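What follows is a short report on a single structure.
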Amino acid sequence: MLLPLLPAATLLLAPACAVFSDEAWNVDYHFALLGAPKEETSFFHRPNPSSKASLIYTLSEEHALGAVNPRDGSLVWRQLLASGGDSHNTSFLRAGEGQDVVISGIGSEVAAWSAADGRLVWNVHTDGPLEDVEILELSDGKETVGAKDAVALSGGEHPMVQRIDGASGAVKWQYSIDGSDAPYQLSASSTEVFAILIHKTILGYVKLRVVALDPVTGLKTDEYMLSSENELATADNIISVGANSASPIIAWTDAAHTTLKVNVVGTKSISSFSIEKHDENAIERVKLHAPYHINSLAHFLVHYETATSHWAEVYHIDLKNSKVEKAYSLPRVAGRGAFSTSTADANVYFTRVTRDELSTVSSASHGLLGRWSLSSFGVAGGVGEVIEPVHAVSEVSVKGDTVSAIRTTVLLSTGDWVLLRDGKAIWTRPEMLASTVAVTFAMPADMVTLAQQLEVEAHGNPVAAYIHRVQRHITDLQKLPSFLVLMPKKIVQGFLGTSADDAAGSDIFGFRQIIACATRSGRLVALDAGHPDRTLWNRDVTDLKPGQSWRPSLSSTKDGVIQVSSVAGTGVDYNATDGQQLAGDLPVIPDEPDLSTSRAVRYTMRGNSLEATYDWSPSWTFTPTHGERILNLVPRPVDDPVASIGKVLGDRRVLYKYLDSNIALLATAHDASSKANFYVLNTISGAILYSNTHPNIDLTAPIPTIMSENWFAYSFTSEASPDTTKGHHLVIGELFESLLPDHRGAMGASSNYSVLHTPASDPFTLTQTYQLPEPISRLAVTRTRQGITSRQLLAVLPASNALVGIPYGVVDPRRPVGRDATKDEQAEGLMRYAPVLELDPKWYLNHQREVVGIKEVVTAPALIESTSLVFAYGLDVFGTRLSPSFSFDVLGRDFNKFQMLATVAALAVATFVVTPLVMRKQVDQRWRFL
């Protein structure tokens, strides 16, 4: 009597055992990232003024603020200030000397954060967007007691300068900027605060307007215009506006980079220096490096860079007469280079990082205080690529006339962030992965070669297959010496249960597939799914101009090959194992509102209509009603294997699924009425197979959708109304040919049909809604090789920074409503419907980690049917492998191989010992009967 209940009990136990204790922290991995650090918002700083220990602080291009431990590169704390990739938000990060807070500015918000743990101390919102944020190191010539105040410059319709109390965030005073000049930047000396404004002339040139303010009262004390009209065509030629130094400066060049102009802020005099050319290449970039400490020497360095080389010049400022003089030059070096500024007491030091050397000089003299050779940065690059530094920050310890220790963090051309200690790479952070925009899985090329050879042998005649196998074995004999060398290691790994995670070449389970990630900067990065901490290769695949973006599409249509294509561009193939380009050139196609593509049908937005093209010919057009806009379109995946065409019921009858590879889920929104509409479309004919409307929807919240096999899912946040309660909802719908068991519906008698010529009957749709405790921002579904394994619905929870895997049986729309499940339904694993879906803690794939900023989840099947690989990316990167129906085709880690072998050996010994005794007994028995 209890046998029919066993399948239901198994289903109930499966979610509770979804994460095994021996798999947690072993089969999954997590990169807590910040994004590419910006040079002007990265520095070393001591969170505790009484301690000498310092942390590395940065506000990255993804607008993530965080602190990194320089000892091992671990993340101490972080705060996501805005969504990554928004180039319209200018960001700032400042730290006062001897302060235990750091102050950030982004958008229109200025905030102070505890330097030790990242807790918010205070925040202030300005009327307009921020143009600059600085810290007042000195106020009226005297050091500020306690927390140091901040000064913010905002733009917009009413630009102003505000002084903000460093302890409470209260605004002490504000100065409104009159006129039409655009605010540009702030500067501060020991006695004044300066607002630098951009004044455009009638001829289109730019002049610099300087307004001096009293730091105590905020009243204007002086105002003047710098004569920069002949050199400044745009504000882009301004290379630096210094602040919080003994003598802040403004520096700019002409458009051709032939003359350097320097003005000591507070004076009207301008020093002019000719820029010498060191080779035939034009100067592409000019950067200025100066200390940010009020007591440091008034020295600065100007860095010149061409396409093939770089050099620098050091300048000194005479504080008495505010005169700028060139002190010395640093020689030209081939390739790109990075300079950083460090201070110790009042002394200033400049650190230079090239592709093969690290050196430090004093600002007072050109003599080298330390020099270290760099054999390697310890990161992977493309084939033949020379890895070069982009920018750096340093912390220098000086004893006498030499550098006793130096720590330098360098952002490399590959996107990696590396710390060098005395010229040696200590740790690496793959910050380029924080800007990932597309991902695909691919099998290694060597594994594909073996699979192809086995395929040839399987489909050939016996004689040819035998000859082919003998030739393959003869070729494999060449690997025998290396195999014998690795045999002891393989035996040990077999006992320890780690053989499944061995080298990629022996990956018989498909766990160590190659994960190809396309980044926003135009690079393609390959990771090993089994050992993601090791980057296989990292290469530049497209030449992006400054400010240009691309929308690549990655696929692996052929095993061992990764294809990269733009939205409407032709694909370029790369070897998945080593990253070598196989064929083609990748054009950069401007962004187009192309929602999704498949092999046969392409969808393109034309105004507010969705146009479908089949075999490059217009097929149909979906035009929403007036005021309705299209949110997203999710077609059924091309590679979506189905193991069974129907659901076997508890009484052994079959409920047939509506299986069509040409279906898609379309979501639209009506802003005026706050409604969301969902349609299931036939992508060949454009027919609407199912539609549903939900009123009172919060359209500012994410509305994720997913389509798989014969079912779909979507989630939304609803507002309170007389009919619905405020909350987050998950809707599951499943399509059937008929709701009658063992009945194929209207098309059951047809052997084949075409939706373009034969009107197909609409499927029967069962839907069910579940209320969730928090919103969902993204949906995905697990994939296996043949579709036999039950599926899990993967959901990204942004509120708790988590990724959960919900078993499909828990949200099955066939769960009985208002009654308990019958015995037949229990045999299927169905349970009574409950409107509230509580998320089981064991469903959380990230365990105790916080995966922040996840934007997309990609899944791929392993070579064994039980396992699906999962890779989630956004700001963080997280990956794991799931077995929704348990690992029924592979031994687990807890399988005791040693005990098994010991048992076999004991039986063999027992057999060897007992055999003579048995034979003697048989002989004795025969003699007794004689």
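Computed from a predicted structure; not experimentally measured.
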Please check this pair: side chain of [X] against backbone of [Y], looking for a donor-acceptor N/O pair closer than 3.5 Å.
X: Asp876; Y: Val852; result: yes
X: Glu431; Y: Gly35; result: yes
X: Ser883; Y: Ser885; result: no
X: Thr440; Y: Ala516; result: no
X: Trp620; Y: Thr683; result: yes
X: Thr519; Y: Met432; result: no
X: Ser619; Y: Ile684; result: yes
X: Thr535; Y: Trp537; result: no
X: Asn662; Y: Asn682; result: no

Looking at [X] and [Y], does any basic side-chain N land under 4.0 Å from a carboxylate oxygen?
X: Asp28; Y: Arg849; value: yes
X: Glu709; Y: Lys657; value: yes
X: Arg539; Y: Glu385; value: no
X: Glu61; Y: Arg520; value: no
X: Arg791; Y: Asp640; value: yes

Closest contact, heavy atoms only, [X] versus [Y]:
X: Asp540; Y: Thr542; result: OD1-O, 3.0 Å
X: Ala518; Y: Leu554; result: N-CD1, 3.7 Å
X: Val870; Y: Tyr29; result: O-OH, 4.4 Å
X: Ile514; Y: Ala576; result: CD1-O, 2.9 Å
X: Arg778; Y: Glu856; result: NH2-OE1, 2.6 Å
X: Pro763; Y: Leu689; result: CD-CB, 3.9 Å

Determine whether the aromatic ring centres of [X] and [Y] lie less than 6.0 Å apart.
X: Phe878; Y: Phe871; result: no
X: Phe509; Y: Phe511; result: yes
X: Phe678; Y: Tyr714; result: yes

Check whether any side-chain heavy atom of Glu734 sits under 4.5 Å from a side-chain heavy atom of Tyr808, and report yes or no.
yes
If we only count heavy atoms from C-beta on, is the Tyr690 to Ile688 side-chain gap below 4.5 Å?
no
Derivation of the side-chain hydrogen bond (donor to acceptor under 3.5 Å, both in side chains) call for Thr668 and Glu628
CA-CA 7 Å; Thr668 64; Glu628 189 177 7; 2.2 Å; yes
For Gln563, what residues pass the side chain to side chain contact (heavy atoms under 4.5 Å, CB included) criterion, not counting sequence neighbours?
Ser555, Asp573
Verdict with supporting geometry, Asp812 and Lys647, salt bridge (charged side-chain N to carboxylate O under 4.0 Å, His left out)
CA-CA 12 Å; Asp812 194 321; Lys647 279 193 169 184; 3.0 Å; yes
Run Thr621 and Ser609 through side-chain hydrogen bond (donor to acceptor under 3.5 Å, both in side chains) and show every step you take.
CA-CA 7 Å; Thr621 301; Ser609 298; over 6 Å; no
List the atom pairs, with distances to 0.1 Å, where a side-chain N or O of residues 780-787 and a protein N or O form a donor-acceptor pair under 3.5 Å, not counting sequence neighbours.
unit_1: Thr782; atom_1: OG1; unit_2: Gln792; atom_2: N; d: 3.0
unit_1: Arg783; atom_1: NH1; unit_2: Thr859; atom_2: O; d: 3.0
unit_1: Arg783; atom_1: NH2; unit_2: Asp639; atom_2: OD2; d: 3.1
unit_1: Thr784; atom_1: OG1; unit_2: Gly787; atom_2: N; d: 3.3
unit_1: Thr784; atom_1: OG1; unit_2: Glu865; atom_2: OE2; d: 2.9

Between Asp416 and Thr428, do the side chains contain a donor N or O and an acceptor N or O under 3.5 Å apart?
no
